[in-house]
2 protein chains.
Amino acid sequence: MATRIVEPEAGPRSKRAAILAAAVDCFGETGFEATKWSIVAERVGIGQTALYHYFESKTHCLLTIMRLELKRSHDKFTETTADVTDPVEALRAAVRAAYDVSDHEVLQMRILHNHMDLLAGPRKSKREEAERVEARRLVQLVERDWTNLLVRGMSMGVFPLRDAQLLGAGVLGLIVSVWRWYRPSGPTPLSEISELIEGACVRMVAT
Amino acid sequence: MATRIVEPEAGPRSKRAAILAAAVDCFGETGFEATKWSIVAERVGIGQTALYHYFESKTHCLLTIMRLELKRSHDKFTETTADVTDPVEALRAAVRAAYDVSDHEVLQMRILHNHMDLLAGPRKSKREEAERVEARRLVQLVERDWTNLLVRGMSMGVFPLRDAQLLGAGVLGLIVSVWRWYRPSGPTPLSEISELIEGACVRMVAT
DNA sequence: AACTGAATTGAACTTGACTCAGGTTGATCT
DNA sequence: AGATCAACCTGAGTCAAGTTCAATTCAGTT
């Protein structure tokens, strides 16, 4: 009964991408609740009601942003760890990849993790619910990405045996906790954060 | 110019505590945005407008909940680590204390960490802003709690030297990341989580 | 030129937080 | 007991922001 998500093929004068970009900026800087939907329209240069041609609701737009970001994260993990056999090296590469992001992607991360709770309960409308379900599926995929990495390391005897699921959640939680406070304009460069967290993760998992 | 927060001494028929309790339940289970302010009133057994006798706004109530929870966290940290001299033992005690909470406190934690972003920007109304500023101060205190613990361990030579501020943020981030997904009704008991995270924190900080 | 579907709009609707002008209650004092 | 006064409460209404809807424009096709 799952409603498939068909990424709408952009008509030549579609403003969907522009809306998503503007929404990421607004939601990321000002916060989802605090930004008026009409402001997003203004930035794109259309009337507020035109937004509803592309998104069913403000929340539908938010959920779409979250899903896209989750997909990006999952894909990036997969491609960076694919050809690394040593678990420790794979873990290091995965952490580095997690922090190898543009400023715009930082905003997407912030939006995603500030609204994870949205994925818990069901939505009323069809298209919102479809996005939510897909996003939840991707969350589980990402969690599995990390736990599988740990399981592999444990079965190879490189990592001590522990509850991989729980430890995976911990590693992931540590990594994404950064997006709550990190600001590109802040005093700490992302490279420095990346290095410290990389080390912390390895110590956490190995010994 | 800072407006002090005077905890209103409860008149004998004040419903303030009842409202806070009901709000924690609602906001924690249903989410802040999703719960109607009027439902909270209903639960307490008063009309919606009576809420405004105690809180300036729905958000003011939320900020109050957050501030109270932050104070509780800070106080608990302080009292559990006060008489522990060994840094490793202090760290272990602090982590265990962080997870030694009632179901109601779990909800408060969830609410707190789901709305941390509220503390970033300034508020329009006086009393909201006062709560926000106080909450921000408490956040900094809690962060200092953890970094100080690390600094002490490092200067005693028990922990290797690292950026204590960043590492402290990491430890704290790891610990509180649990509140995003943990449910008392879930499959994993808090005791198990506590043990795993305790070990992870020690490894992260020591070697 | 007629047709089609995507894109857009102004005006109206809905919902839920909040205001206001007063009314009730009950602890305390004389 | 009765008066008093602040704390407490309410119904009716306001307002802002998200959303709906019927009608219109626009670009490309036949």
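Letters A, B, ... are given to chains in the order of the sequence lines, protein chains preceding strands, and every chain is numbered from 1.
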Atom-to-atom span, [atom1] of [X] to [atom2] of [N] - whole angstrom:
X: B/Q48; N: D/dA12; atom1: CD; atom2: P; value: 12 Å
X: A/L51; N: D/dT20; atom1: CG; atom2: C1'; value: 14 Å
X: A/K36; N: D/dC15; atom1: NZ; atom2: P; value: 15 Å
X: B/E56; N: C/dC18; atom1: CD; atom2: P; value: 9 Å
X: B/H60; N: C/dT19; atom1: NE2; atom2: P; value: 13 Å
X: A/F55; N: D/dG18; atom1: CZ; atom2: C1'; value: 16 Å
X: A/R127; N: D/dT19; atom1: CZ; atom2: P; value: 12 Å
X: A/E42; N: C/dT9; atom1: CD; atom2: C1'; value: 16 Å

- Query: So, are B/E56 and B/K124 salt-bridged, with charged N and O less than 4.0 Å apart?
  - Reply: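 No, no charged N to carboxylate O under 4.0 Å.
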- prompt: Taking the six-membered ring for Trp, are B/Y99 and B/W179 parallel (under 30°), tilted (30 to 60°) or perpendicular (over 60°)?
  reply: tilted
So, applying side chain to side chain contact (heavy atoms under 4.5 Å, CB included) with A/L62, which one of A/E131, A/E128, A/R67, A/H115 is it?
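Of the listed options, the one satisfying the test is A/H115.
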Between [options], spot the one nearest the side chain of [X], thanks.
X: B/S14; options: C/dC18, D/dC8, D/dT19; value: D/dC8
X: A/K58; options: D/dG18, D/dT10, C/dC18; value: D/dG18
X: B/T49; options: C/dC18, D/dC9, C/dT19; value: C/dT19
X: A/Y52; options: D/dC8, D/dG18, C/dG16; value: D/dG18

**Message:** Could you walk me through whether B/E7 and B/R16 satisfy the salt bridge (charged side-chain N to carboxylate O under 4.0 Å, His left out) test, starting with their C-alpha distance in whole Å, then the side-chain angles of each, then the deciding distance to 0.1 Å, before giving a yes or no?
**Reply:** CA-CA 11 Å; B/E7 206 69 54; B/R16 208 183 111 98; 2.7 Å; yes
*Phosphate OP1/OP2 of D/dC9 contacted by B/K15 side-chain N/O (<4.0 Å)*: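 Yes, B/K15 has a side-chain N/O under 4.0 Å of OP1/OP2 on D/dC9.
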Review point. Does a side-chain N or O from A/Y54 land closer than 4.0 Å to OP1 or OP2 of C/dT8, or not?
Key: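 For C/dT8, OP1/OP2 do have a side-chain N/O of A/Y54 under 4.0 Å.
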Comparing B/H53 with A/T35, nearest DNA chain D nucleotide closer to 5' gives the residue B/H53
Heavy-atom nearest nucleotide on DNA chain C taken for B/S57 and for B/P12; more 5' hit belongs to B/S57
Test for a donor-acceptor pair under 3.5 Å between the base of D/dA7 and the side chain of B/R13, counting only N and O atoms.
->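 Checked by distance alone, the answer is yes.
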Query raised in the report: Is the Lys NZ or Arg CZ of A/K58 less than 6.0 Å from the centre of A/F32's six-membered ring, within 45° of the axis?
Result: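 Here A/K58 passes the 6.0 Å and 45° test against A/F32.
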